[in-house]
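Everything on this sheet refers to the single structure shown next.
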Amino acid sequence: MKTVNILVVGVGGQGVVAASDIISDMALARGFDVKKSEIHGMSQRGGAVSSFVRYGEHIASPLPYKNDMDFIISFEEMEALRWSDHVNEGTKIIVNTLKIKPASLAISKLEYPDVKALLKGAHVYYLDGTGEAKKTGNEKVVNSFMIGAMCAFNDFTADDFNAALTKRVKKYTEENMAAFNKGKEMVKNYVLS
Amino acid sequence: MKQRTLMSGDEAIARGAYEAGIYAGFGYPGTPSTEILENFAQYKGIYAEWSINEKVALEAATGASLGGVRTMVTMKHVGLNVALDAYMTLAYTGINGGLVVVCADDPGMHSSQNEQDNRYIGKFSYTPVIEPSDSREAKDFIKDAVEISEKFDLPVLYRITTRIAHSKSVVEIDTDFKAEFPKKKLDVPWEKYVMMPLNAKKKRVQLVDKYQKMKAFVETTKLNTEELLSDDMGFITSGDVYQYVKEVFPGKSILKLGMLNPLPIQKIKAFASKVKKLYVVEELEPYIEDILKAEGIKLEGKSIFPLIDELTPDIIRDSFNKATGVPLRHPTSDVRHTVVPSRPPSLCADCGHRGVFKVLSELGLTVAGDIGCYTLGALPPFSALHTCIDMGAAINHAYGIEKAGEPSDKVVAVIGDSTFMHSGITGIANMVYNGGNTLTIILDNRTTAMTGRQPHAAAGKTLMGKETNNINLEKLLEGLGVTKVAVIDPFESKKLRELVVEYLAQNGVRVIIARRECALLK
Ligand SMILES: Cc1ncc(C[n+]2csc(CCOP(=O)(O)OP(=O)(O)O)c2C)c(N)n1
């Protein structure tokens with residue numbers, strides 16, 4: 001089996017690290033070797049956050065090659081673009097269409113980029129995860145939505161997710177499960193543009 | 001029951017320490033080492049504390065070791081600079097209960113002010129250096145470290161890097177494990193622990209002698225492992241870099257060093273003779289490379305792999321291919337590369353530090369700064385912090401600027417509450433003693449926010465969650481002989497501005513405590 005490489009990205013406070021922990025636990029429970037790596041430290045203060053997860057039969061490096069990414073899961077629209085050098089022709093990119101404007105725009109005089117125009121192709125999925133999460137009554141479950149979206153492609157089930165989730169989060173299980181299933185469904189029904 | 005679980009290197013070290021019978025853990029927060037002690041504190045039957053600073057931590061650990069228990073000290077790489085006075089001579093005296101100093105280097109400076117390579121400190125002090133390459137080893141090697149410490153009667157430097165500390169990998173845990181904490185008798189023979197020249201001279205001889213014995217030991221320790229898979233090329237490496245080398249050069253021979261001081265020279269020479277070409281791949285300085293070259297071993301290292309920044313599989317592969325003339329594989333992607341606006345960390349919207357920097361920026365002062373969240377005051381929109389070199393320096397920087405003849409009403413020092421307790425108090429004492437006139441602002445957010453909100457000596461809680469004596473900053477400053485102390489909420493902008501202007505015009509040592517609880521504590 002080929003090692004699966006996943007990059008989860010977003011903005012500090014969005015739950016990027018928690019999501020990568022849950023993905024890692026799902027893979028571990030399936031008996032895979034798993035490694036994950038991220039840099040925390042500055043993450044609380046609204047900076048860009050990223051986390052790599054790798055699973056397969058045997059994993060050496062916690063960091064994959066840049067051009068070997070199977071999934072990029074971006075919790076924020078522009079953040080997906082920041083990692084475009086990690087995209088290859090097969091990389092599936094799942095983007096939450098939430099836009100969080102960085103404070104640097106005022107100083108750099110840059111515009112918030114037109115991500116949809118720059119990052120497109122057969123494997124890019126733009127989903128309003130935050131909007132869907134809000135519908136469950138809890139905006140925070142957006143990370144379950146994003147994991148669900150990824151799980152449309154690999155064979156982790158809702159049960160796998162539930163087991164990994166409840167190890168870490170005791171509350172809002174129903175909302176999280178609903179968001180997971182919604183994410184999965186929306187990718188399956190996605191009409192690629 | 002055996003259980004497979006994912007652990008960060010930090011979590012694994014805490015677990016390893018518990019399993020190795022380490023009873024006492026002392027440390028000071030510092031990314032990426034902080035979670036070690038936070039996790040260790042969760043185990044039953046142990047003692048753990050955030051000490052005032054790294055020097056205090058190591059000295060308290062030394063005392064605990066003399067008292068007969070196994071101890072651990074944790075800190076980030078620069079913390080060892082603070083504790084180095086204690087460490088260098090501890091190598092002379094040796095220990096009673098095993099003592100391991102876990103120290104996290106930060107190649108790439110993800111959250112540090114420098115990229116120093118602490119492997120040299122092992123050499124400098126003649127102490128063993130151990131380095132794990134994943135979480136499983138991070139846990140297991142702690143036991144070896146304790147044993148080596150007791151075997152050679154030396155403190156052991158346990159070196160990790162950010163990628164080890166914060167990466168997670170699979171560790172097998174025995175959930176039924178019950179730790180035992182061996183306790184020897186307090187033992188303080190004065191010839192061993194009183195380092196007056198009379199004794200120190202003998203101890204120096206013994207230390208060099210111990211080093212010879214360590215050299216024999218490293219040739220056979222299982223911490224160093226050889227994987228002989230091919231004879232065309234071989235790699236000598238350690239730590240996280242070992243994992244990258246495995247990834248980039250599958251099927252090639254590797255000598256993985258788990259013990260970095262002293263190096264197993266005979267083992268390395270034997271390995272070198274089994275491969276046609278030898279490479280050393282190491283992060284930061286050519287530490288292994290230089291030692292081996294001095295031994296006359298032929299190899300390539302920093303001529304190929306970069307000196308600066310952390311290594312990654314991409315960097316190792318591309319540098320190697322470039323050096324050996326293999327055309328680079330270029331990633332294929334139809335994504336248009338574009339400038340993505342940066343998203344640097346910034347002060348929280350409701351952070352009290354903002355109030356202070358707003359005023360300092362308006363007044364156009366020179367601001368001697370320090371390390372913490374408030375270092376972000378150097379960035380726009382404030383651009384109101386001009387120095388940040390090492391913890392505790394702000395007050396002394398501002399004071400020295402005054403001594404250079406600069407007007408003291410144009411300079412101010414800012415320092416966080418945790419940093420002030422760590423090493424700021426001495427700066428105030430120095431000014432009181434030598435007659436400084438520099439204004440200091442203590443940014444008191446009641447916590448060590450930068451490293452994840454650890455309590456400290458002026459914030460009323462211990463690492464183990466107990467309520468404790470809360471050092472009163474106002475009284476402390478008065479006791480030191482400070483002329484004037486004022487406490488103000490930094491969000492009272494107008495009042496704060498008036499106060500700063502008023503204090504700047506005066507002489508003597510003045511301190512403003514800008515007190516507002518960290519927004520993340522609520
Ligand atoms: C010698 C040393 N030890 C530890 C650190 C890690 N560190 C950076 S800032 C900081 C303390 C920050 O707390 P505080 O001064 O209260 O400021 P805040 O972040 O709360 O604003 C620490 C422990 C360091 N940089 N240097």
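Heavy-atom basis, side chains included; hydrogens, waters and symmetry copies ignored. Chain naming here is simple, since letters A, B, ... match the order of the sequence lines and numbering starts at 1 in each. This one's a predicted model, so the numbers in the text were calculated from it and none came from an experiment.
Distance check: B:Ser167 OG to A:Arg54 CZ gives 11.5 Å after rounding to the nearest 0.5 Å.
Residue A:Lys171 qualifies as open at atom NZ: its count of foreign heavy atoms under 6.0 Å is 12 or below. Within a 6.0 Å radius of OH in A:Tyr172, other residues, nucleotides and ligands contribute 12 heavy atoms or fewer. Other residues, nucleotides and ligands place no more than 12 heavy atoms under 6.0 Å from the NZ atom of A:Lys140.
Partners of B:Tyr242 by ring-ring contact (aromatic ring centres under 6.0 Å, His included), not counting sequence neighbours: none found.
Put simply, the side chain of A:Met78 reaches to within 4.5 Å of the side chain of B:Pro341, judged on heavy atoms. With contacts defined as side-chain heavy-atom distances shorter than 4.5 Å, the pair B:Thr312/A:Tyr65 does not qualify.
Residue with the most contacts toward chain A among B:Ser342, B:Pro344, B:Ala165: B:Ser342 (heavy-atom pairs, distance under 4.5 Å). Between chain A and the residues B:Pro313, B:Ser169, B:Pro250, B:Pro32, the largest count of heavy-atom pairs under 4.5 Å involves B:Pro313.
At least one donor-acceptor pair under 3.5 Å links the side chain of B:Asp314 to the backbone N or O of A:Lys66.
The part of A:Phe32 that comes within reach of chain B is its backbone (N, CA, C, O), which places non-hydrogen atoms under 4.5 angstrom from that chain. Contacts of B:Thr5 with chain A are made by backbone atoms alone, with heavy-atom separations under 4.5 Å and no side-chain atom involved. When heavy atoms are compared at a cutoff of 4.5 Å, A:Leu63 approaches chain B by way of both its backbone and its side chain. Heavy-atom distances place both the backbone and the side chain of A:Asp25 under 4.5 Å from chain B.
Across all their heavy atoms, A:Pro62 and B:Gln243 have their closest contact at CD-CB, 4.2 Å. Contact detail for B:Glu247 and A:Ala60: the closest heavy-atom pair is OE1-CB, 3.6 Å. Taking every heavy atom of both residues into account, A:Leu28 and B:Leu6 meet most closely at CD2-N, 3.9 Å.
Using non-hydrogen atoms only and a strict 4.5 Å limit, the part of residues 95-107 of chain A facing chain B consists of A:Ile100, A:Lys101, A:Pro102, A:Ser104, A:Leu105, A:Ile107.
Using a 4.0 Å cut-off between a side-chain N of Lys or Arg and a carboxylate O of Asp or Glu, B:Lys168 and A:Glu38 do not qualify as a salt bridge.
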